[in-house]
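The basis for the numbers below is simple: all heavy atoms, side chains too, and nothing from hydrogens, waters or symmetry mates.
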Amino acid sequence: MKIILKYFPSLSELQQEQFAELKPLYEKWNAQINVISRKDIDDFYERHVLHSLAIAKRIQFVDGTVLLDVGTGGGFPGIPLAIMFPNCQFTLVDSIGKKIKVVQEVVKALRLTNVTAMQIRAEELKDTYDFVVSRAVTQMKDFVPWVKGKFKKTSKNDLPNGILYLKGGDLTEELAPFPKAELTDISSYYDEPFFETKKIVYLKG
């Protein structure tokens, strides 16, 4: 937890409690349904929670923002962001039912009233959102068509509505078809070596 407070010192008491509860909850559920690699559980707050919260360094979502987390897996980046932005609405989707079961149980245990988790493919969703967030689910050329047409027409945040995608490594080739994509080095927010090659890709919707 210390690492979260290092970068987000002004968390409320409730937020601190919710973040503190995350690791024991994931340890419990991971023993039954493997949603996080065993080695990553040791670095849980750095590699999962802090990584997810890099999006909160890139943009402070205004109250009432509606977000979709595609391919959420065990609930990242959606759950940490939902704790950070309690007045925003989050829909977390994944095609794998057992992962969504873990997400639903974590959401229930944390009493998060701003999260809906569903087993569904993004393409099947009919709603529109301000932002789509995700963490290295697939190549951008495959991801962008999944969420095409899923953005609200009117923007209310500092950034126009669009995709905020957590990705690592050299993205030159992958982003070649998307010349308007904006890259942010997560290492500009965090000191830890894990983040040296990690980036946030922003693409207007």
Side-chain angles (χ1 to χ4, degrees), residues 1-11 15-31 33-61 67-85 90 92 94 96 99 102-103 106-107 110 112 115 131-143 159 162-175 178 181-203:
M1 260 301 288
K2 277 184 193 160
I3 200 169
I4 305 300
L5 289 169
K6 174 181 171 185
Y7 294 107
F8 297 94
S10 55
L11 294 174
Q15 286 172 318
Q16 290 182 47
E17 285 169 12
Q18 288 171 323
F19 280 124
E21 282 179 54
L22 275 182
K23 190 177 181 190
L25 279 169
Y26 277 101
E27 284 174 333
K28 173 189 158 187
W29 282 103
N30 217 48
I33 301 166
N34 194 15
V35 291
I36 293 172
S37 73
R38 299 280 187 258
K39 67 179 191 308
D40 274 2
I41 277 282
D42 294 338
D43 298 308
F44 175 77
Y45 282 106
E46 178 183 295
R47 296 189 176 187
H48 293 282
V49 183
L50 201 59
H51 190 200
S52 298
L53 292 176
I55 289 172
K57 289 288 190 188
R58 177 73 176 85
I59 175 175
Q60 283 285 305
F61 298 115
L67 299 104
L68 172 67
D69 177 1
V70 173
T72 190
F76 302 96
I79 286 178
L81 289 172
I83 294 172
M84 186 62 73
F85 299 104
F90 291 81
L92 279 51
D94 202 284
I96 299 170
K99 292 185 175 180
V102 172
V103 173
V106 170
V107 166
L110 293 175
L112 288 174
V115 178
F131 288 93
V132 172
V133 297
S134 192
R135 186 169 73 150
V137 172
T138 186
Q139 295 273 314
M140 284 297 277
K141 67 177 171 49
D142 300 318
F143 186 82
L159 273 179
I163 295 168
L164 288 159
Y165 203 30
L166 296 165
K167 271 258 169 177
D170 184 352
L171 302 176
T172 314
E173 198 177 313
E174 182 175 342
L175 292 178
F178 306 100
E182 293 175 23
L183 283 178
T184 305
D185 291 320
I186 296 179
S187 59
S188 66
Y189 305 133
Y190 304 145
D191 305 332
E192 287 69 23
F194 174 73
F195 297 108
E196 279 172 11
T197 61
K198 301 283 189 286
K199 294 177 174 61
I200 302 168
V201 181
Y202 165 67
L203 195 59

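Checked against ring pair (Phe, Tyr, Trp, His ring centres under 6.0 Å), Phe85 has the following partners two or more places apart in sequence or in another chain: Phe61. A search for salt bridge (charged side-chain N to carboxylate O under 4.0 Å, His left out) contacts involving Lys6 returns Asp191, Glu192, not counting sequence neighbours. Remark: Thr172 engages Asp170 in a side chain to side chain donor-acceptor pair (under 3.5 Å) (not counting sequence neighbours). Shown here are the side-chain contact (heavy atoms from CB on, under 4.5 Å) partners of Asp43, two or more places apart in sequence or in another chain: Arg47. In this structure, the side-chain contact (heavy atoms from CB on, under 4.5 Å) partners of Val137, at least two apart in sequence or on a different chain, are Ser134, Trp146, Tyr165. Looking at residues two or more places apart in sequence or on another chain, you find a side-chain contact (heavy atoms from CB on, under 4.5 Å) between Leu11 and Ile4, Leu5, Phe8, Gln15, Gln16, Phe19, Met84.
In this structure, Tyr202 and Phe131 have tilted ring planes: the angle between them lies in the 30° to 60° band.
In this structure, the side chains of Phe44 and Glu27 stay at 4.5 Å or more apart for every pair of heavy atoms. Within the 4.5 Å cutoff, no side-chain heavy atoms of Thr197 are placed close to those of Asp185. In this structure, Met140 and Leu203 have side chains that are in contact, with non-hydrogen atoms separated by less than 4.5 Å. In this structure the side chain of Ile200 reaches within 4.5 angstrom of the side chain of Ile186, judged on heavy atoms. For the pair Asp94 and Val103, the minimum side-chain heavy-atom distance is 4.5 Å or more. Using a 4.5 Å cut-off on side-chain heavy atoms (C-beta onward), Leu164 and Leu159 make contact.
The backbone N or O of Asp69 lies less than 3.5 Å from no partner atom in the side chain of Thr72, so there is not a single donor-acceptor pair. At least one donor-acceptor pair closer than 3.5 Å links the side chain of Asn30 to the backbone N or O of Val35.
A centroid separation of less than 6.0 Å is found between the aromatic rings of Phe76 and Tyr26.
A pairwise comparison of heavy atoms in Ile79 and Gly74 identifies CD1-O, 4.3 Å as the closest pair.
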- Query: Would Leu50 and Tyr7 satisfy side chain to side chain contact (heavy atoms under 4.5 Å, CB included), going step by step from the backbone distance to the final call?
  - Reply: CA-CA 9 Å; Leu50 201 59; Tyr7 294 107; 3.8 Å; yes

